[in-house]
Asker: 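The structure follows.
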Amino acid sequence: MTTIALAPPALARLCVLPITKRGTVVTMRSSSPSSELAELLVRVAGGDQAAFAQFYDATSRTVFGIVLSVLRDRAQSEEVTQEAYVEAWKSAPKFDPRQGSPHGWLNTIAHRKAVDRVRSAERSTKREQRHFEMEPLTEDTSDIVVARDEGRRVREALLTLPENQRTAVQMAYFEGHTHREVAERLQVPLGTVKTRIRDAMKRLRNQLGEVTS
Amino acid sequence: MSHDLHSDADAYALGALSKTESVQFESHLDSCVECMREVAELREMTAQLSQAVATAPPAALRMEILDQVAQTRQEPRAATVVAAPKSHDESARAEGSNVVPLSAARSRRAPALLAAAAVVAALGFGGWAWNSSQDAQREAEQAQLAASSSQQQAEQLTSLLAARDVKAVPGTFIHGGSGKVVYSRSAGVSMLLAADLPALNDDQVYEAWTIKGAPVKAGTFDANGQTALRLPDAALEAESVAVTVEPAGGSDQPTSDAVFSVTL
């Protein structure tokens, strides 16, 4: 079951704010253009820590968000987010732009770490079963409001998926289950899950293929 | 029952394969350009998916991360390596002739393999049958044979050479062949290079051990030409590295005397 609260227009506009007293630097959009990020990453690869700080600021919402989505636990999510960024720092010199964008690279690092953590955790404790709930468009205002144009686009695209496909993607990607686990929980054959995932990804690529960046 | 590995690309990109399935898929990926492209594209999309759940982390996390990063060493870039000169002369390495710049590109394996061959030759490893009539392609192929997971091994070898504290400890195998443990603590890599080993029976295998007090298993290999075996991290702290001949599949503890042993 997914619920979305309609956003009041005020929150939907683009916000650009100066540095606050807490020193949180604001990015203009929820996702920086890939070229800016690529430039930062080149500097990071050279050991530039100021560039790394900017890189963090430009990406931390997405990283923390996906880690939290998989782990559910805030304390662990902070730890894993930290591990992901430290690994990004360490392996930045090896980043090869021919393999993909900085977004894709960083997201893979973070998602992998979250999945590794949650799967090793569930060997000992039972895993919290919660239906994926999409974050409502009304965001908590304890932090700077940043336009989430990109996020909304993706959420809308997810909503256009047939429910079977959306559930498969939510359980596999946003909750970090293996496709086998998804099959077990949904009581369907593994092949069915594989097909649903593949079809979902195809649709999403068609919808989201044109990225403005 | 085998299945079509191509079909795992989506699940792989979503992180939805088990550890075993991932390893299987990754070795498929190593040689399937189509899947490489597919996975790369899918990863761009999953990065977008993550935006759907973007959430601000606590402000304090930023400083913690930046503090840790300030104390964390980055991993070395791909090194620039001198290609194997016509003679074995190790000093030619310093001349800078035939410098082979390395890229980290996973999709272009040949340069990395050439580099691996060059690294091994540059280490002056006498057991390797490099001779002046071998051209670069054959060297690359030999390095590929030597490095069982070639791309990964090639990068490990090159990071070894790039390390300031790389050490090589040579030794001989009792029944023929030579070996060397090459390691660097700063790179965090230790490898066993071996060549000209006598062939074993079908039901036997060479097995490496790291020894600190007691032997701990460190990987198995065959006598196929040249070997470049990545040793587990325990090798970096071990007192010695040894090799025994074990039954195929390896053993948890040595069942025979060492045929090779070097003190680190």
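Small disclaimer: the values here were computed from a predicted structure and weren't measured. So that the names make sense, note that chain A is the first sequence line, chain B the second, and so on, each numbered from 1.
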Asker: Looking only at heavy atoms, which two atoms of A:A53 and B:R62 are closest? And how far apart?
Answerer: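 Of all heavy-atom pairs spanning A:A53 and B:R62, the closest is CB-NH2, 3.8 Å.
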Asker: Report yes if the side chains of A:E78 and B:P58 come closer than 4.5 Å at any heavy-atom pair, otherwise no.
Answerer: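 Counting from C-beta outward, A:E78 and B:P58 do come under 4.5 Å.
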Asker: Which distance, rounded to the nearest 0.5 Å, do you find between the CG of B:L42 and the CD1 of A:I197?
Answerer: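 Going from the CG atom of B:L42 to the CD1 atom of A:I197 covers 11.0 Å.
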Asker: Of all of A:Q49, A:H179, A:K202, which one pairs up most often with chain B through heavy atoms under 4.5 Å apart?
Answerer: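 The answer is A:H179.
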Asker: The criterion is ring-ring contact (aromatic ring centres under 6.0 Å, His included); which residues satisfy it with B:Y183, sequence neighbours excluded?
Answerer: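 Result, ring-ring contact (aromatic ring centres under 6.0 Å, His included) vs B:Y183: none returned.
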Asker: Tell me, do B:Q74 and A:V44 make a side-chain contact under 4.5 Å, heavy atoms counted?
Answerer: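 With C-beta onward as the side chain, the pair touches.
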Asker: Distance check, rounded to the nearest 0.5 Å: A:R61 atom CZ versus B:Q51 atom CD?
Answerer: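 Atom-to-atom, A:R61:CZ and B:Q51:CD are 10.5 Å apart.
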Asker: Can you tell me which portion of A:R198 sits under 4.5 Å from chain B's heavy atoms? Options are side chain, backbone, both or neither.
Answerer: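 The answer is both parts of A:R198.
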Asker: Which bit of A:S101 is near chain B, if near means a heavy-atom gap under 4.5 Å: side chain, backbone, both or neither?
Answerer: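 Contact with chain B is through both the backbone and side chain of A:S101.
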Asker: Please give me the minimum heavy-atom distance between B:E75 and A:P93, naming the atom from each residue.
Answerer: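 Result for this residue pair: O-CG, 3.1 Å.
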Asker: So B:M45 and A:L204, do their side chains get closer than 4.5 Å, heavy atoms only?
Answerer: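 A:L204 reaches B:M45 side chain to side chain.
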Asker: Whether B:D10 and A:K194 form a salt bridge (side-chain N of Lys/Arg under 4.0 Å from carboxylate O of Asp/Glu) is what I want to check.
Answerer: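 No, no charged N to carboxylate O under 4.0 Å.
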Asker: Checking B:E64 against chain A: side chain, backbone, both or neither under 4.5 Å from a heavy atom?
Answerer: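 For B:E64, backbone and side chain are both near chain A.
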Asker: Drop me the distance from A:R155's CZ to B:L49's CG, to the nearest 0.5 angstrom.
Answerer: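 The CG atom of B:L49 is 12.0 Å from CZ of A:R155, to the nearest 0.5 Å.
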Asker: Is atom CG of B:D252 surrounded by more than 12 heavy atoms (other residues, nucleotides or ligands) closer than 6.0 Å?
Answerer: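 Not more than 12 within 6.0 Å, no.
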Asker: Identify the two heavy atoms, one from B:A52 and one from A:V154, that lie closest to each other, and give their separation to 0.1 Å.
Answerer: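 That would be CB-CG1, 3.7 Å.
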Asker: Where on A:A168 is there a heavy atom nearer than 4.5 Å to chain B: the side chain, the backbone, both, or neither?
Answerer: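 Neither the backbone nor the side chain of A:A168 comes within 4.5 Å of chain B.
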Asker: Give, for atom OG1 of A:T178 and atom CD of B:E21, the distance between the pair rounded to the nearest 0.5 Å.
Answerer: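 That separation rounds to 7.0 Å.
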Asker: Go through A:W89 and B:I65 one step at a time and tell me if the side-chain contact (heavy atoms from CB on, under 4.5 Å) criterion holds.
Answerer: CA-CA 10 Å; A:W89 165 257; B:I65 290 177; over 6 Å; no
Asker: To the nearest 0.5 Å, what is the distance between CG (A:L106) and CZ (B:R43)?
Answerer: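 A:L106 CG to B:R43 CZ: 12.5 Å, rounded to 0.5 Å.
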Asker: Tell me, do A:Y56 and B:L61 make a side-chain contact under 4.5 Å, heavy atoms counted?
Answerer: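 Side chain of A:Y56 against side chain of B:L61, heavy atoms only: contact under 4.5 Å found.
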Asker: With only heavy atoms counted, which part of A:H111 is less than 4.5 Å from chain B, the side chain, the backbone, both or neither?
Answerer: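 Contact with chain B involves the side chain of A:H111 alone.
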Asker: Which heavy atom of B:T55 sits nearest to which heavy atom of A:F64, and what is that distance?
Answerer: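 That would be O-CD2, 3.4 Å.
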Asker: Test of understanding: with side-chain hydrogen bond (donor to acceptor under 3.5 Å, both in side chains), list the residues that count as partners of B:S50, not counting sequence neighbours.
Answerer: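 Expected list: A:N107, A:Y173.
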